[in-house]
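Counting starts at 1 for both ligands and their atoms, following the listed order.
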Amino acid sequence: MHESVLVAADRIRRLEVQGARNVAITAIKAIEKGAKRSKARGKEAFLKELSDAKEVLFASRETEPLMRNAIRHVIHAVEESPEETVKELVDVVSQVSKRFLEGLERSKEKIAAVGSKRVSNNSKVLTHCHSSTVTNLLLRAKQEGKSFEVICTESRPVFQGRITAKEMLDAGIETTLIVDSAVRYFMNEVDLVVVGADAITSEGNVINKIGTSMVALAAKEARTPFYVVSELLKFDPATIHGDYEIIEERSSSEVWDDPPSGLTIRNPAFDVTRREFIHGIICEEGIISPHSISELISRKYPWIFEAT
Ligand code: RUB
């Protein structure tokens, strides 16, 4: 296995790379780099290398269907390719990866264009954790000349909310950081909640940073619109066959690195927000109902169901 794959997997595991998009981008670039340095002598050996890299990257974070869809897409293209020489197959990997990354970039900009319309002038927007798709949308609203305030949760245990807060401040957006448990306290003054997604299930439920479902609950009680901002490719095709999305459970040391002996500490990284709490999913196709996710995926990305 090429070192680029091991290094990428390690960076993802240690949260040096965080957020579903960044994880997928890092993984696909590592696959491409590894493929370019391949020493395989034929198609079968080349595919075995790709498959080994896939396993290592999949294991780096369990709840990341965008990364899984990306890698499967590349491997599927190699499998289906009529090319036989490794040199030609490396080109296939490069071309498919490039197209995939360009598509992701286009989606991100489309999402920002659609979603920024929901940010009103002189409003307050609350977000949880750090989602690059959400911050891009907020930056776009700022570029459009809107004046608004962002409330960021700190997002325990590893404080990704601080990344969001810094990004917002750097862009000149008025920003307030709150502890996660203060969400309900502030919700009455919030006009809009926007959160990212790590996974979307076939039923339209959304998996995102732990605490997202409590934010959604508070938003519902306060009648504050709650939107998920996400590329459709975060859809997990396995959920249509009845599989549950696996929720990654991380080390207890992230919560308390020196706990008293005998204490049980649990540290799930994500939770599930049910579709009835979600006003809409802001995606590259516009603002959609969570109910329509499977149908949209079948229309726009039918290959998701083939590349297993
Ligand atoms: C990050 C998180 C983000 C989504 C979406 O969790 O939950 O909201 O990944 O991010 P972690 P993006 O920090 O544990 O990776 O919009 O950038 O894909």
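- Counting heavy atoms closer than 4.0 Å to ligand 1, residue Gln18 contributes atoms from both its backbone and its side chain.
- The shortest heavy-atom distance from Glu231 to ligand 1 is not under 4.0 Å.
- Considering backbone and side-chain N/O atoms, Leu15 never comes within less than 3.5 Å of an N/O atom of ligand 1.
- Residue contacts with ligand 1 leave out Asn22, since none of its heavy atoms falls under 4.0 Å from the ligand.
- Neither the backbone nor the side chain of His128 has a heavy atom within less than 4.0 Å of ligand 1.
- Look at Lys98 and Glu102 and you find a salt bridge, because one of the NZ, NE, NH1 or NH2 atoms lies within 4.0 Å of a carboxylate O, short of that distance.
- With no hydrogens or angles considered, no side-chain donor-acceptor pair links Glu167 and Thr164 at under 3.5 Å.
- Considering only heavy atoms from C-beta on, Tyr227 comes within 4.5 Å of Ile287 through its side chain.
- Considering Cys129, Ser230, Gly211 only, the shortest heavy-atom separation from atom 1 (C) of ligand 1 involves Cys129.
- Set against the non-hydrogen atoms of Asn208, the atoms of ligand 1 under 4.0 Å away are 2 (C), 3 (C), 4 (C), 7 (O), 8 (O).
- In summary, the side chains of Ser97 and Glu32 do not present any donor paired with an acceptor at a separation below 3.5 Å, with no hydrogens or angles considered.
- Residues Ser38 and Glu49 have side chains that bring a donor and an acceptor to within less than 3.5 angstrom of each other.
- Aromatic ring centroids of Trp303 and His73 lie under 6.0 Å apart.
- Of all protein heavy atoms, the one lying nearest to atom 16 (O) of ligand 1 is Thr133 OG1, 2.4 Å.
- Closest heavy-atom approach to atom 6 (O) of ligand 1 among the candidates Arg250, Lys234, Lys209: Lys209.
- Hydrophobic cluster of Phe159: no remaining members, since no ILVMFWY side chain lies below 4.5 Å from it.
- Protein heavy atom closest to atom 17 (O) of ligand 1, with residue, atom name and distance, is Ser132 OG, 2.6 Å.
- A side-chain donor from one of His128 and Thr153 sits under 3.5 Å from a side-chain acceptor of the other.
- Of all protein heavy atoms, the one closest to atom 4 (C) of ligand 1 is Asp198 OD2, 3.2 Å.
- Looking at Ala269, Gly19, Ala197, it is Ala197 that brings a heavy atom closest to atom 5 (C) of ligand 1.
- Thr176 and Glu149 share a donor-acceptor pair across their side chains, judged by distance under 3.5 Å alone.
- Interface of Gln160 with ligand 1, defined as ligand atoms under 4.0 Å from a residue heavy atom, comprises 11 (P), 13 (O), 14 (O).
- With ligand atoms numbered from 1 in the order given, ligand 1 contributes 11 (P), 14 (O), 15 (O) to contacts under 4.0 Å with heavy atoms of Arg61.
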